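Inspection log for the structure reproduced underneath, given as structure tokens.
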Amino acid sequence: MTDDPFVTHRSLLFTVAYEMLGSAADAEDVLQESWLRWAGVDRSQVRDPRAYLVRIVTRQALNRLRTLSRSREEYVGEWLPEPLLTSPDVAEDIELAESVSIAMLTVLETLGPTERAVFVLREVFELPYGEIAEAVGKSAAAVRQTARRAREHVAARQPRVRVSRSEQQAVVERFLIALRTGQLQELMELMAPDVVLIADGGGIAAAVRVPVHGSQPVAKLLARANRMDVAGFEATAVWLNGAPAGRIEIGGESAAVSLVVENGQVTRVYVMRNPRKLTRLDEPAELVR
């Protein structure tokens with residue numbers, strides 16, 4: 001008995017849904033809905049199970065994305081993607097690691113649902129335009145135009161400089177040491193003058209509700225977190241979404257910190273404090289292309 005194609009391709013299908021939604025919980029829901037649809041399919045009529053399953057998942061994710069886009073308008077404070085613990089192996093596929101980075105998923109959030117689906121399927125998974133057209137219900141010509149617009153939109157907003165994993169790791173380690181020891185000056189020196197901090201508490205955990213700009217205000221905010229509960233403060237290095245990052249424990253509460261590094265300095269700080277988005281920091285996620 002051969003494995004069910006859904007089981008064989010589950011990690012790929014999860015990655016597609018997660019990149020489209022920025023939420024592991026929603027991606028799992030989409031996979032459940034997709035499984036129910038796959039269970040009712042006449043397999044003898046399916047020539048390419050992988051392509052067929054990607055199509056089902058894309059359609060379900062699009063439906064979910066359109067619903068979520070309305071609810072996210074009412075989200076308390078800034079919305080950030082749900083971080084996933086990953087093994088260092090994910091970083092070895094540079095394109096995959098870049099596509100699932102917190103920075104990229106935050107950029108993808110600014111695309112419309114169809115644009116996001118087309119971008120993910122074309123740029124990340126390199127699907128032919130014809131297959132994407134079937135998945136999103138558009139003509140191949142329309143998909144080509146959508147892909148071009150989405151590429152331009154993302155290129156204008158993503159980090160300008162791609163850094164090596166070793167450089168990212170070195171900056172993250174210095175950042176976490178400065179955070180643990182409360183060294184305000186060291187934090188400021190690590191940051192670009194125009195650094196931006198974005199935090200997501202979801203109205204549940206304490207977090208600034210608007211972006212904080214500038215190295216001094218950002219460093220002061222971060223240093224204050226240490227002073228709030230010195231005895232219960234821990235900052236450890238982890239791999240999140242294919243990149244070196246930090247996991248913070250403050251008095252029994254968790255936070256995940258993802259950094260964008262350009263030219264040796266931190267240009268973006270993403271702080272996830274919403275506990276509903278921090279449930280996947282103990283078991284590495286299987287992300288594949």
Side-chain angles (χ1 to χ4, degrees), residues 11-34 54 57-86 90 95-125 135-136 150-151 153-154 157-159 196 198-205 207 211 239-243 245 254-260 268-281 284-289:
S11 294
L12 165 72
L13 300 175
F14 174 82
T15 307
V16 170
Y18 174 68
E19 291 210 30
M20 282 186 61
L21 298 164
S23 161
D26 288 311
E28 290 289 2
D29 286 346
V30 161
L31 257 60
Q32 185 66 30
E33 292 159 6
S34 300
V54 167
V57 166
T58 299
R59 287 173 179 167
Q60 295 307 311
L62 267 173
N63 292 340
R64 178 62 62 102
L65 200 52
R66 290 175 180 126
T67 304
L68 288 174
S69 61
R70 290 191 288 273
S71 64
R72 285 177 189 172
E73 289 172 7
E74 299 162 9
Y75 195 80
V76 178
E78 296 290 314
W79 186 94
L80 287 174
E82 179 180 352
L84 297 179
L85 186 70
T86 52
V90 174
E95 280 74 23
L96 174 63
E98 188 174 275
S99 73
V100 297
S101 70
I102 296 297
M104 177 60 84
L105 292 174
T106 303
V107 171
L108 293 183
E109 193 64 18
T110 63
L111 289 170
T114 303
E115 282 183 319
R116 183 166 183 168
V118 169
F119 181 88
V120 167
L121 295 177
R122 181 63 187 172
E123 299 302 311
V124 182
F125 297 98
V136 301
R151 270 195 305 272
H153 179 98
V154 170
R157 290 162 177 80
Q158 69 184 131
V196 180
I198 299 172
D200 178 346
I204 302 169
W239 285 80
L240 297 178
N241 293 64
S254 296
V257 180
S258 177
L259 306 178
V260 174
R268 287 281 186 281
V269 182
Y270 298 107
V271 182
M272 279 68 74
R273 293 214 63 198
N274 183 344
R276 292 175 183 166
K277 296 185 180 182
L278 298 172
T279 61
R280 297 186 177 243
L281 299 184
E286 291 284 334
L287 299 177
V288 299
R289 286 202 295 168

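Small disclaimer: the values here were computed from a predicted structure and weren't measured.
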Got a salt bridge between R276 and E82, using NZ or NE/NH1/NH2 to carboxylate O under 4.0 Å?
no
Heavy atoms of other groups near E28 CD, more than 12 under 6.0 Å:
yes
If you compare all heavy atoms of V76 against all heavy atoms of G203, which two are closest, and at what distance to 0.1 Å?
CG1-CA, 3.7 Å
Residues E19, R116: salt bridge by 4.0 Å N-O rule:
no
With rounding to the nearest 0.5 angstrom, report the OG1 to CG distance, T279 to L85.
11.5 Å
Would you indicate whether R72, at its atom CZ, is surrounded by more than 12 heavy atoms from other residues, nucleotides or ligands within a distance under 6.0 Å?
yes
Can you tell if the side chain of Y18 reaches within under 4.5 Å of the side chain of L105, non-hydrogen atoms only?
yes
Rounded to the nearest 0.5 Å, the CG atom of L65 sits from the OG atom of S23 at a distance of 10.5 Å
Smallest separation among heavy atoms of A150 and E115, with atom names
CB-O, 3.9 Å
To the nearest 0.5 Å, how far apart are CD1 in I198 and CE in M272?
10.5 Å
With sequence neighbours excluded, what pairs up with P275 under the side chain to side chain contact (heavy atoms under 4.5 Å, CB included) test?
I204, A205
Are side-chain heavy atoms of Q60 and N63 found at a separation under 4.5 Å?
yes
Residues N241 and Y270: side-chain donor-acceptor under 3.5 angstrom:
no
Any ion pair linking K277 and D200 (charged N to carboxylate O, less than 4.0 Å)?
yes
Got a second to check how far E95's CD is from E123's CD, nearest 0.5 Å?
10.5 Å
Residues two or more places apart in sequence or in another chain: which of them pass salt bridge (Lys or Arg N to Asp or Glu O under 4.0 Å) with E98?
R162
P81 and T106: which non-hydrogen atoms are nearest, and at how many Å?
CD-OG1, 3.5 Å
Got L240 and L281 here, is their nearest side-chain heavy-atom distance under 4.5 Å?
yes
Which of V16, L96, V54 passes side chain to side chain contact (heavy atoms under 4.5 Å, CB included) with F125? Answer is V16
Taking the six-membered ring for Trp, are W79 and Y75 parallel (under 30°), tilted (30 to 60°) or perpendicular (over 60°)?
perpendicular
Short question: side chain of T86, backbone of A285 - any donor-acceptor pair under 3.5 Å?
no
Taking C-beta and beyond as the side chain, do R157 and T110 meet within less than 4.5 Å on heavy atoms?
yes
Go through the structure and list residues passing side chain to side chain contact (heavy atoms under 4.5 Å, CB included) with V154, not counting sequence neighbours.
M104, V107, L108, L111, F119, Q158
For P113, does its backbone N or O pair with a side-chain atom of R66 as donor and acceptor, under 3.5 Å?
no
Can you see which heavy atom on L278 is nearest to which on S254, and at what distance?
CD1-O, 3.3 Å
Measure the shortest side-chain to side-chain distance between T58 and V136 over non-hydrogen atoms and say whether it is less than 4.5 angstrom.
yes
Heavy-atom closest pair, residues I102 and P83:
CD1-CA, 4.1 Å
Would L287 and F14 count as a side chain to side chain contact (heavy atoms under 4.5 Å, CB included) here? Give the steps.
CA-CA 7 Å; L287 299 177; F14 174 82; 3.8 Å; yes
Any heavy-atom pair between the side chains of R64 and L21 that's under 4.5 Å?
yes
Taking all non-hydrogen atoms of both residues into account, name the closest pair between L13 and L31 and its distance.
O-CD1, 3.7 Å
